[in-house]
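Chain A is the first sequence line, chain B the second, and so forth, proteins listed ahead of strands; every chain is numbered from 1. Any value given below was found using the heavy atoms of this structure, including those in side chains, with hydrogens, waters and symmetry copies removed.
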Protein chains: 2
Amino acid sequence: MMELTRKGEYAIRGIIYLAQQPPGRVSLISEIAAAAEVPQTFLAKIFQSFAKLGLVTSSRGTGGGFVLARPASTITLREVVEAVEGPILPNRCLLGSACDRGGPCRVHAVWKQVQTEVVSILDAVTIDTLARSPDCKS
Amino acid sequence: MMELTRKGEYAIRGIIYLAQQPPGRVSLISEIAAAAEVPQTFLAKIFQSFAKLGLVTSSRGTGGGFVLARPASTITLREVVEAVEGPILPNRCLLGSACDRGGPCRVHAVWKQVQTEVVSILDAVTIDTLARSPDCKS
DNA sequence: ATAAAAGGGATCAAATTGGTCCTAAAGGTG
DNA sequence: CACCTTTAGGACCAATTTGATCCCTTTTAT
């Protein structure tokens, strides 16, 4: 339950790669895809979402590619995940103000708490932190 | 992201209904389904899972049906959700001890933290609590 | 025996996931 | 301008998961 999809996984790998490049360095989607070992066309879609949300800046044509739009230390894991997976939402009932049945509404507060906790954990992690952390060996 | 499925929602509604019955009272799946407003055949599958895991006791034939196998105060929301949705697992990489790539591994600790937090929240809520809480009006 | 119930397998449609492909648009370069 | 490079965006598609339904079997009380 609550599993991150490939899309989310790819998104994280891709943006971490960008964050590891020298500041201002433009990366091609083909380069990022190869480095992150992600299907290129799929990653292209993911980076389109990033660009729309202003996480990265894209430029076309020769010399074009992607750069982080903001310092990696100001981009949180939550932003990246939500960019491609949508909002952290443990239950649909968190959308409307009221639940339409008596039943699930009892659990409303619990889901709200889960949502708040997860958001807070993911917001506390920046892409910069992830990019600088060492590879896992164990 | 991280959404509970219908199955999980139905599971919660169904077992809350059981918990609201007088202790020892046997409920038919048809009765539970009607009360919880859940498709009966679907709910039957859900309660099969409950029975296998020992959350409820089932008996067949005339007078048969379902009863909670343990006091509602000892059944946690986590157990119910995991019974039908599988373990709380924000990322596949939490299964193996090591991640097979360098990339996602950096995030490993974060997902572990999410898992721990969510499990702890859901474990703190019992079906008894949910069954006794008032309907939501707002 | 028979009726009443859950158990369990097979099946199925719809939605979501995980992609691919193609054309268009934008930006450099000779 | 013509041409190449690179992202943008839409259409499309296969595999998987979700959300069920159906049917037959097994168990149990009467």
Inter- and intrachain pairs under ring-ring contact (aromatic ring centres under 6.0 Å, His included), touching residues 52-88 of chain B, at least two apart: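 Every ring-ring contact (aromatic ring centres under 6.0 Å, His included) pair that includes a residue of residues 52-88 of chain B, provided the two are not neighbours, is B:Phe47-B:Phe66.
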Can you tell me how far [atom2] of [N] sits from [atom1] of [X], to the nearest Å?
X       : N      : atom1 : atom2 : result
A:Glu31 : D:dT6  : CD    : P     : 11 Å
A:Ile29 : C:dT20 : CD1   : P     : 13 Å
B:Phe47 : C:dA5  : CZ    : P     : 16 Å
B:Met1  : C:dT16 : CE    : C1'   : 15 Å
A:Leu43 : C:dC21 : CG    : P     : 16 Å
B:Met2  : C:dT17 : CE    : C1'   : 17 Å

Footprint string (nucleotides 11-25 of chain D, 5' to 3'): B base within contact, S backbone only, - free, heavy atoms under 4.0 Å: --------SBB----
Phosphate-side-chain proximity, A:Ser58 and D:dA8, N/O vs OP1/OP2 below 4.0 Å: yes
Worked verdict on B:Arg70 versus B:Glu79 for salt bridge (charged side-chain N to carboxylate O under 4.0 Å, His left out): CA-CA 12 Å; B:Arg70 297 167 9 213; B:Glu79 288 182 283; 2.8 Å; yes
Taking all non-hydrogen atoms of both residues, which atom of [X] and which atom of [Y] are closest, and how far apart?
X       : Y       : answer
B:Leu43 : B:Tyr10 : CD1-O, 3.9 Å
B:Ala69 : B:Gly54 : CB-O, 3.3 Å
B:Ile46 : B:Lys7  : CD1-O, 3.7 Å

Touch class at under 4.0 angstrom, heavy-atom based, for A:Phe66 against every strand present: sugar-phosphate
Touch class at under 4.0 angstrom, heavy-atom based, for A:Ser30 against every strand present: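 No contact at all - A:Ser30 keeps every heavy atom at 4.0 Å or more from the nucleic acid.
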5′-ward residue of the pair A:Leu28/B:Gly61 relative to DNA chain D: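 The residue closer to the strand's 5' end, by nearest nucleotide, is A:Leu28.
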Any donor-acceptor N or O pair under 3.5 Å, side chains A:Asn91, B:Glu9: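 The answer is yes; a qualifying pair exists.
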Along DNA chain C (nearest heavy atom to each residue), the more 5'-positioned of B:Gln48 and B:Gly63: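 The answer here is B:Gly63.
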Side-chain polar contacts of residues 24-36 of chain B - donor-acceptor pairs under 3.5 angstrom, sequence neighbours left out - could you list them?
{"residue": "B:Arg25", "atom": "NH1", "partner": "B:Gln21", "partner atom": "OE1", "Å": "3.0"}
{"residue": "B:Arg25", "atom": "NH2", "partner": "B:Glu31", "partner atom": "OE2", "Å": "2.9"}
{"residue": "B:Glu31", "atom": "OE1", "partner": "B:Leu28", "partner atom": "N", "Å": "3.3"}
{"residue": "B:Glu31", "atom": "OE2", "partner": "B:Tyr17", "partner atom": "OH", "Å": "2.6"}

